[in-house]
Structures are given as structure tokens and as C-alpha cells.
There are 2 protein chains.
Amino acid sequence: MNPKKQQILSAAYELFINKGYNSSSIQDILDEANVSKGTFYNYFGSKAECLMAIMESIGSEIRQQRMAAAVGMPPNNPDVLAEQLYIRIKLNLEKNLFSLYESIFYSQDPELKSFSIKQYSLEMEWISSRIVDVFGKEAAPYALENAAFVHGYVQQLIHLWRLLSTEEVPAAKLSSFVIRRLQATIALQIAAKDTFIGNMKLPLTTSADSISIEELAPMLELYAAKLKNQKNTQQLVHFLSAELAEESPRKALVESVLTTLANDKQIESELSIMIEQVWKHLGDLT
Amino acid sequence: MNPKKQQILSAAYELFINKGYNSSSIQDILDEANVSKGTFYNYFGSKAECLMAIMESIGSEIRQQRMAAAVGMPPNNPDVLAEQLYIRIKLNLEKNLFSLYESIFYSQDPELKSFSIKQYSLEMEWISSRIVDVFGKEAAPYALENAAFVHGYVQQLIHLWRLLSTEEVPAAKLSSFVIRRLQATIALQIAAKDTFIGNMKLPLTTSADSISIEELAPMLELYAAKLKNQKNTQQLVHFLSAELAEESPRKALVESVLTTLANDKQIESELSIMIEQVWKHLGDLT
DNA sequence: CTCACCTTTATACCGTTAGTCTATTAACAT
DNA sequence: ATGTTAATAGACTAACGGTATAAAGGTGAG
């Protein structure tokens with residue numbers, strides 16, 4: 001990544017999480033980054049675009065850490081889900097992201113709005129699929145609304161905690177509490193067959209989930225070709241692409257490479273999404 | 001209320017719920033209300049103050065309707081709670097309030113921030129006390145976190161529904177669903193003695209709850225004196241104040257007056273809070 | 001070295017914003 | 001009728017996001 005761009009991003013990041021998005025002016029960013037207005041608009045079409053770039057990078061950080069937490073663990077282990085939930089809570093708290101999320105959530109800017117809808121849908125989708133992993137197929141009709149349950153409960157409890165106490169939010173305790181409540185309530189809900197959302201699906205479900213291994217290989221290859229300054233990552237992605245293109249990719253090798261990639265903090269959003277996709281297909285390999 | 005002020009308020013209200021708070025400029029309000037800038041700043045110190053006045057009036061509308069729904073019903077009836085929850089959902093949906101709430105929730109303006117914290121705390125406190133009404137004393141240690149559960153779940157399900165469907169959110173179905181889930185989960189939680197918040201209390205609990213009947217009577221009298229253009233309301237409030245100042249206020253009469261007041265849509269925030277306080281003490285009378 | 005090309009800088013500018021200030025008008029008591 | 005006070009209109013300011021442009025700086029090819 002271009003150093004000037006990086007400079008702008010980290011200055012903006014610092015300002016956004018400290019002063020909030022709306023209260024940080026572009027001039028503030030320029031002063032903080034020691035960069036002129038022309039440079040800023042050379043890299044970002046607008047202030048909103050700059051915010052989205054920051055959100056993307058945080059999203060990929062969360063994806064990476066969540067994959068790293070799941071490596072080598074059975075997918076139906078609720079403690080892994082709690083750990084993965086904890087990762088988002090921890091990052092949100094550390095980086096003060098709540099104000100950022102809300103700035104864009106109810107923004108009038110249509111670009112920001114659709115961006116936030118996409119981010120939100122991805123998270124709901126992710127929690128849903130993990131709920132099915134943990135609680136089995138019979139939980140599927142209730143997965144989406146329980147994803148909303150988890151997400152909303154976490155959010156509210158953090159907010160409540162901050163009103164009640166000056167101490168730091170106990171993220172680990174919070175995450176395991178909510179997962180315990182989820183376990184309790186979802187069992188009852190399945191038994192009672194009580195549902196609000198019913199069998200409706202999020203719009204992106206069908207499209208995003210249907211990326212096959214056959215499609216992933218060339219996408220990865222294309223991405224690898226663009227990597228210039230990260231030789232190590234390039235080698236790994238290139239190998240992964242080639243291996244997935246084979247008749248029967250070797251599971252152990254793919255998993256090993258994925259593990260390494262999942263622990264790489266430099267990885268950008270686009271790649272981390274593809275890695276996650278490969279990860280989901282790991283069970284199909286031998 | 002001054003007609004110009006009312007004119008500004010309803011214009012601002014219309015704009016805020018249609019275009020959102022941040023996207024509605026003061027100039028828009030002035031044009032819509034056919035009023036000049038000087039007039040606006042004569043009545044409101046800032047745009048934020050105008051928003052808060054609107055939120056106050058909505059808050060009192062909700063309080064009024066909730067009281068009206070509870071009149072003559074046993075407080076431990078979960079259907080009443082569902083109905084009261086439905087009232088907020090319905091009003092929020094009708095008046096498109098979500099964007100308003102969120103504009104102020106994560107606002108940088110310290111005045112707006114503390115205002116929203118107060119509003120939020122009041123709602124949590126209210127749900128908590130209703131949970132104790134319905135589920136009994138043994139639910140008390142879990143009431144606050146389950147208020148967060150209810151609030152967060154409703155919010156998320158509305159958001160999710162809107163992503164999934166173009167149809168209107170089925171508010172009544174949503175409210176009864178969430179109350180059913182609450183019933184299921186809170187029983188298990190009490191049995192498991194599993195808590196996150198513990199016995200922490202909201203800061204305002206002690207102060208707001210401790211207003212006694214002895215204190216309420218003169219407060220009401222003071223308010224009645226200020227009422228000029230609403231003779232009927234003035235008579236009722238005046239009588240209420242006098243009755244509460246008696247040795248043993250007559251329950252049936254107090255309840256009757258409260259019922260009438262609860263169904264009056266003109267009542268302002270300050271009074272509706274006091275009426276709610278009296279309502280809470282109704283059980284102590286004979 | 002020169003030239004062409006791209007990035008970066010600095011700054012002037014635009015329309016719009018929230019909020020201030022002042023001159024004028026309207027209301028009303030004396 | 002007159003003096004005082006509150007309500008009103010609208011010009012004005014500073015800051016905002018974003019655009020435009022001209023000058024300065026750096027780099028690689030010929």
C-alpha cells in the first residue's frame with residue numbers, strides 16, 4: 001500500500017475513533033497526516049470512502065482472527081463460537097468502533113448506507129452459519145433470528161455496562177454469557193417451534209455462499225498476481241490456487257497454508273474473504 | 001404552547017422523520033414552518049434542543065399510551081407487557097424514530113448525549129420494573145439485563161425484517177414473539193442463576209423511584225398553576241393534587257382521574273412523568 | 001542532461017451548514 | 001400618544017465537504 005495512503009488512513013482512523021466520524025473534518029485529517037487536500041482526494045473520492053476503507057480493514061482483521069481461533073477445532077464446539085464472538089467484542093471495544101458503526105448505520109449517504117447494510121448482513125450471515133454449525137440442522141430455521149438475538153444482546157449489554165460501571169467491559173465474560181443464554185433459549189425455541197422471521201433468507205446468502213472451489217482457484221491466482229511487496233503471502237496464495245485447481249486438493253496442505261494465512265495480520269479485505277470461503281470448503285476435501 | 005413554537009416543532013418533526021436529523025437543515029425547517037431564523041433561535045437554543053423537545057413529546061405520548069393500556073389490568077399479565085411493548089414499536093415504526101434515536105445516541109454533542117443516556121436509562125428502568133411486575137421478585141436480579149435483551153432483540157428483529165422483506169414490520173407479532181422468548185429464557189436464567197450484570201443498578205433508579213405521594217402533591221399543584229389554556233386538565237390535576245394531599249386519598253377517584261389523564265393526548269412530558277409516578281403508587285391506596 | 005509524466009502541494013473557490021447579531025416591527029402598559 | 005419590551009426578519013460569520021488549478025517535486029527514458 002502506498003505510504004501516503006497509509007499515512008492518511010491511520011490519521012483518519014485515529015481521529016475517527018477519538019472524535020467520531022462526523023466531528024472529524026477533512027482538514028483535521030490533513031493536518032494530522034501532514035498531507036494536502038489534493039493528496040487526500042487523489043486516494044479517496046470522499047470522506048465516506050476513506051471511512052469505508054478503514055472499516056474494510058477492520059473487517060478483515062476480525063475475519064482473520066476468527067479463522068485463527070477456529071483452526072484445528074471442531075466446528076460444533078460452542079466455546080469456539082464464544083471465542084469468535086469475543087474477538088469482535090474485543091476489537092470493537094479496543095478500537096472504539098461503536099460510534100463508527102452507528103455513524104454509518106443511519107447515515108443518509110446512500111453509499112455508506114448500502115455499505116453498512118452489506119457489513120451487517122455479512123455478520124448476521126456469519127453468526128447464523130456458526131449457529132447451525134454448533135446446534136445442528138434443526139436450528140437452521142431459527143438461526144437468523146438468533147443471530148439478531150446475539151448481536152443485539154451483546155450491543156445492549158455493552159451499552160448497559162458502560163452506564164453502570166466505570167470499569168472496562170468484561171468482554172470474555174460477556175461473550176460466554178451471551179452464548180450460554182443462546183444455548184438455553186434456542187433449545188426451547190426449537191422445541192416450541194416458535195419463530196418470527198420464519199424461513200426468510202438474507203438477499204446475499206445465495207450469491208455469496210455459492211462460490212465453489214473451482215471458481216476460487218482462478219480468483220486467488222488473479223489476486224496473487226497483484227501482490228508485489230509481500231513475497232511470502234504471494235507464494236502461499238499462488239500455491240493455494242494451484243492446489244485447489246488440482247483434481248483432489250490435499251486437505252492437510254490446504255489447511256496448513258490457510259492456518260498460516262489466517263495468522264497474517266497484513267492481509268487485505270479482499271483476500272481474507274476468499275480465504276474464509278476456502279476455509280468453508282475444507283470439509284469437502286480429503 | 002406558543003403557536004409559533006408549535007409551528008416550528010411540527011415542521012421540524014415532519015422533516016426529521018422524513019429526511020433524518022442530520023440531513024434536515026435549519027433553513028429547511030424555517031422554510032417549512034414559514035418562520036425566520038431569529039424566531040427559531042428565540043425558542044430553541046440550537047437544532048439539538050429542538051430535536052430534544054420533539055423526543056420529549058414522543059416520550060410522553062408513549063408513556064400516556066402505555067398507561068392507558070395498563071388501566072384496569074393486573075400488572076402481572078404478560079399480555080399487557082406485550083401490548084405496552086407493542087406501543088413503542090408501533091410508534092417507532094409509524095414515526096420512523098429509529099434514525100432519530102441513533103442520530104442522538106452516538107452524537108458528539110454532549111447535551112444530546114446526556115439526553116439520550118437519560119432516555120435510554122428511563123426505558124431500561126421501565127422495562128425492568130415491568131419484568132419484575134410480571135415475573136415476580138425472584139426475577140429482579142435479572143430484570144435489567146433482560147430489559148436489554150428485550151430492547152436489543154426488538155431493534156435487531158426490526159432491522160432484519162426490513163432487510164428481508166418489503167412488507168411492513170408486523171409489530172404486534174414481533175412484540176408478542178419477543179415477550180414469549182423473554183418468558184422462556186428468564187425462567188431458565190433464574191433456575192441457572194446465570195447473570196452478567198449482577199445486582200448493579202442504574203444511577204437514576206434510586207432518585208427517580210423515591211418520589212413519594214407526599215412530594216408529588218405539591219409538584220402537581222405547582223404544575224396545575226402553570227396550566228392556562230387547558231382548563232379541563234387543570235381541574236383534573238388540581239383535584240389530583242388535593243386528593244393526594246389528604247390523609248388517605250380515595251383510590252377509586254385517583255384511578256378514575258388518572259385514567260382520564262392517561263387518555264389525554266395533549267399532555268406534556270413533565271406532567272406525564274408525574275402521572276406515571278402517581279400510577280405506581282396506586283397500589284398503596286385503599 | 002533534458003524532457004515528459006506523474007504525484008504532491010498549496011491555495012483559491014463553491015455552495016451549504018449552524019449559529020450570531022442587529023435593525024426593525026409589533027404589542028402593550030402607562 | 002409614548003416608552004419599553006419582546007418577537008421577528010434577514011444579513012453576516014466561520015467552518016464544512018468538495019472542486020479546480022497552478023506550481024513544485026521526483027523519476028525514468030532517451
Side-chain angles (χ1 to χ4, degrees), chain A residues 1-16 18-55 99-100 103-104 106-113 115 228-229, chain B residues 1-16 18-55 99-100 103-104 106-113 115-116 226 228-229:
Chain A
M1 167 116 41
N2 186 298
K4 285 278 172 192
K5 188 172 182 181
Q6 194 56 60
Q7 210 171 319
I8 295 169
L9 276 175
S10 51
Y13 175 87
E14 211 61 43
L15 284 164
F16 287 170
N18 288 327
K19 295 177 49 178
Y21 172 69
N22 285 314
S23 307
S24 307
S25 73
I26 289 188
Q27 195 55 56
D28 291 339
I29 300 172
L30 305 184
D31 295 346
E32 184 79 14
N34 277 312
V35 141
S36 85
K37 210 164 208 176
T39 309
F40 181 92
Y41 280 99
N42 185 33
Y43 290 108
F44 304 100
S46 67
K47 193 181 158 190
E49 215 169 86
C50 175
L51 173 60
M52 288 190 281
I54 291 173
M55 304 288 287
S99 58
L100 284 196
S103 306
I104 66 167
Y106 286 92
S107 154
Q108 299 295 318
D109 181 333
E111 256 194 279
L112 269 187
K113 204 161 180 142
F115 177 80
K228 293 262 159 83
N229 300 329
Chain B
M1 166 115 40
N2 187 299
K4 285 273 177 191
K5 188 172 183 181
Q6 194 55 58
Q7 211 171 317
I8 295 169
L9 274 176
S10 51
Y13 177 87
E14 211 59 45
L15 284 165
F16 287 171
N18 287 327
K19 297 177 49 178
Y21 172 69
N22 285 315
S23 305
S24 307
S25 73
I26 288 187
Q27 195 55 55
D28 292 339
I29 300 173
L30 305 184
D31 295 346
E32 185 79 14
N34 276 312
V35 142
S36 84
K37 209 159 216 180
T39 309
F40 181 92
Y41 280 99
N42 184 35
Y43 292 108
F44 304 100
S46 68
K47 194 180 158 190
E49 216 169 85
C50 176
L51 173 60
M52 288 189 282
I54 290 173
M55 304 288 286
S99 58
L100 284 196
S103 317
I104 66 166
Y106 287 90
S107 154
Q108 297 296 317
D109 181 332
E111 257 194 281
L112 267 186
K113 206 161 182 143
F115 177 80
S116 83
K226 284 196 295 177
K228 294 261 160 86
N229 300 330

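Just so it is clear: chains get the letters A, B, ... in the order the sequence lines come, proteins before strands, and each one is counted from 1. In this text the structure is predicted, and so the values were computed from the model without any measurement.
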If you take all heavy atoms of A/A33 and A/Q7, which pair is closest and at what distance? O-NE2, 2.8 Å
Can you list, by residue number, the residues of residues 23-31 of chain A that have a non-hydrogen atom closer than 4.0 angstrom to DNA chain D?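 When residues 23-31 of chain A is checked for heavy atoms under 4.0 Å from DNA chain D, the hits, listed by number, are A/S24, A/S25, A/I26.
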Please list residues of residues 35-43 of chain B whose heavy atoms come under 4.0 Å from any atom in DNA chain D, ordered by number; otherwise none. B/V35, B/S36, B/K37, B/G38, B/T39, B/N42, B/Y43
Euclidean distance, [Y] [atom2] relative to [X] [atom1], rounded to 0.5 Å:
| X | Y | atom1 | atom2 | answer |
| --- | --- | --- | --- | --- |
| A/I26 | A/I8 | CD1 | CD1 | 10.5 Å |
| A/N22 | A/L100 | CG | CG | 10.0 Å |
| A/N34 | A/K4 | CG | NZ | 8.0 Å |

Who passes side chain to side chain donor-acceptor pair (under 3.5 Å) against B/S23, sequence neighbours left out?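 Not a single residue meets the side chain to side chain donor-acceptor pair (under 3.5 Å) criterion with B/S23.
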For residues 47-55 of chain A, tabulate all N or O donor-acceptor pairs below 3.5 Å that involve a side-chain atom, not counting sequence neighbours.
| residue | atom | partner | partner atom | Å |
| --- | --- | --- | --- | --- |
| A/K47 | NZ | A/Y21 | O | 3.0 |
| A/K47 | NZ | A/S24 | O | 2.8 |
| A/E49 | OE1 | A/G45 | N | 2.8 |

Atom pairs and distances, side-chain donor-acceptor, residues 35-42 of chain A, under 3.5 Å, sequence neighbours left out:
| residue | atom | partner | partner atom | Å |
| --- | --- | --- | --- | --- |
| A/S36 | OG | A/G38 | N | 3.4 |
| A/S36 | OG | A/T39 | OG1 | 3.4 |

Could you tell me from which nucleotide to which nucleotide of DNA chain D, 5' to 3', there is an atom under 4.0 Å from chain A heavy atoms?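 Range of nucleotides touched by chain A: D/dC16 to D/dT19.
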Show your working on side chain to side chain contact (heavy atoms under 4.5 Å, CB included) between A/L9 and A/Y43 and close with a plain yes or no. CA-CA 10 Å; A/L9 276 175; A/Y43 290 108; over 6 Å; no
When you measure from the side chain of B/D28 to the backbone N and O of B/S25, does any donor-acceptor pair fall under 3.5 Å? yes
